[in-house]
Amino acid sequence: KQEVTQIPAALSVPEGENLVLNCSFTDSAIYNLQWFRQDPGKGLTSLLLIQSSQREQTSGRLNASLDKSSGRSTLYIAASQPGDSATYLCASVPNSGYALNFGKGTSLLVTP
Amino acid sequence: DGGITQSPKYLFRKEGQNVTLSCEQNLNHDAMYWYRQDPGQGLRLIYYSQIVNDFQKGDIAEGYSVSREKKESFPLTVTSAQKNPTAFYLCASSVSVHYEQYFGPGTRLTVT
């Protein structure tokens, strides 16, 4: 079964810093990979979806990359803001399945 | 507004009672999913449905049941056979399997 790992588990940075969240997965045969944001007690908000044939996707200050051969994805957040504070989850859909396999998330705190 | 609704937001039940969680979407999506989230763990798949009148067990289906009689609705019943039902339950949908998944706001179930 696909194992998804996110490092670090928690991260605290001052406002304005650029930061990178890491996600690794054990089976490179994925259909796509999705990054989500979750605020406390809330549902998940989709941030970026990368298809297996793509190397990266960008949305505003967010950039996600995918390297299937090494089983890694990164989420880059530029010029972080306190409003970016949340838990960030990555999840992949394997070629052999239909539902997302989730990591445990990175809890991000951006301090003013 | 297009989206996914889950009701209620909070649900309290006594041990031994069955309870049904509602999930409705007006996105015209074919695929729908139920996930469970526990503290310190990633989201885990309970059931998914690719089309109306069809559904498949996920990783932790024991003690749960679902139905998919209408395209827009995918209710989840937590039965008394579920050993540890207290959790945050999230419903999601996608145009079809392997497409971007969108999540509802979740239902927090507490069983005492």
Side-chain angles (χ1 to χ4, degrees), chain A residues 1-10 21 23-27 29-54 57 59 62 64 66 73 86-107, chain B residues 2-7 9-10 21 23-25 27 29-51 54-61 66 74 87-110:
Chain A
K1 186 183 185 301
Q2 176 78 281
E3 298 288 335
V4 179
T5 303
Q6 292 188 245
I7 295 173
L21 307 182
C23 173
S24 62
F25 44 94
T26 54
D27 185 353
I30 62 170
Y31 198 89
N32 60 45
L33 186 140
Q34 215 169 331
W35 281 93
F36 295 90
R37 168 187 173 135
Q38 186 176 31
D39 293 287
K42 305 292 186 183
L44 277 63
T45 300
S46 180
L47 298 174
L48 290 164
L49 171 74
I50 310 177
Q51 299 291 354
S52 63
S53 58
Q54 297 175 320
Q57 282 284 349
S59 176
L62 305 178
L66 175 64
S73 176
T87 296
Y88 291 81
L89 298 162
C90 77
S92 64
V93 177
N95 286 343
S96 59
Y98 299 114
L100 291 162
N101 292 309
F102 280 87
K104 294 182 180 180
T106 293
S107 178
Chain B
I4 302 172
T5 57
Q6 292 186 243
S7 61
K9 186 173 182 179
Y10 299 97
L21 282 60
C23 177
E24 304 278 332
Q25 53 97 1
L27 301 169
H29 286 173
D30 282 321
M32 297 187 74
Y33 314 80
W34 274 106
Y35 295 89
R36 168 182 172 141
Q37 187 175 36
D38 296 281
Q41 297 199 39
L43 277 73
R44 293 178 290 168
L45 179 69
I46 305 172
Y47 269 97
Y48 69 96
S49 168
Q50 297 183 60
I51 55 172
D54 178 76
F55 48 83
Q56 304 294 329
K57 293 182 179 179
D59 299 323
I60 55 167
V66 294
F74 191 40
F88 190 47
Y89 290 87
L90 290 155
C91 177
S93 72
S94 60
V95 169
S96 181
V97 292
H98 290 159
Y99 282 73
E100 186 170 7
Q101 292 189 24
Y102 297 89
F103 281 75
T107 292
R108 185 165 300 280
L109 173 65
T110 302

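We use all heavy atoms of the structure for the numbers below, so side chains are in, but hydrogens, waters and symmetry mates are not.
- Heavy atoms closer than 4.5 Å to chain A are found in the side chain of B:L90, but not in its backbone.
- Not counting sequence neighbours, the partners of A:Q57 by the side chain to side chain donor-acceptor pair (under 3.5 Å) test are A:Q54.
- B:Q56 does not touch chain A: none of its heavy atoms, backbone or side chain, sits under 4.5 Å away.
- Proximity to chain A is absent for every atom of B:Q6, based on heavy atoms less than 4.5 angstrom apart.
- Of the two parts of B:E100, the backbone and the side chain both hold a non-hydrogen atom closer than 4.5 Å to a non-hydrogen atom of chain A.
- For chain B, the option among A:L49, A:N101, A:L100 with the highest count of heavy-atom pairs below 4.5 Å is A:L100.
- Side chain of B:H98 to backbone of A:A99: no donor-acceptor contact under 3.5 angstrom is found.
- Remark: B:F103 pairs with A:F36, B:Y35 by the ring pair (Phe, Tyr, Trp, His ring centres under 6.0 Å) rule, at least two apart or across chains.
- Both the backbone and the side chain of A:Y98 come within less than 4.5 Å of a heavy atom in chain B.
- Each of B:R44, B:Q37, B:Q101, B:K9 has some count of heavy-atom pairs under 4.5 Å with chain A, and the biggest count is that of B:Q101.
- Only the side chain of A:L89 comes within contact range of chain B, judged by heavy atoms closer than 4.5 Å.
- Using a 4.5 Å cut-off between heavy atoms, A:Q6 does not touch chain B at all.
- Taken from NZ in A:K42 to CZ in B:F88, the straight-line distance is 9.0 Å, to the nearest 0.5 Å.
- Comparing B:A92, B:A31, B:G58, B:P105 by heavy-atom pairs within less than 4.5 Å of chain A, the highest count is held by B:P105.
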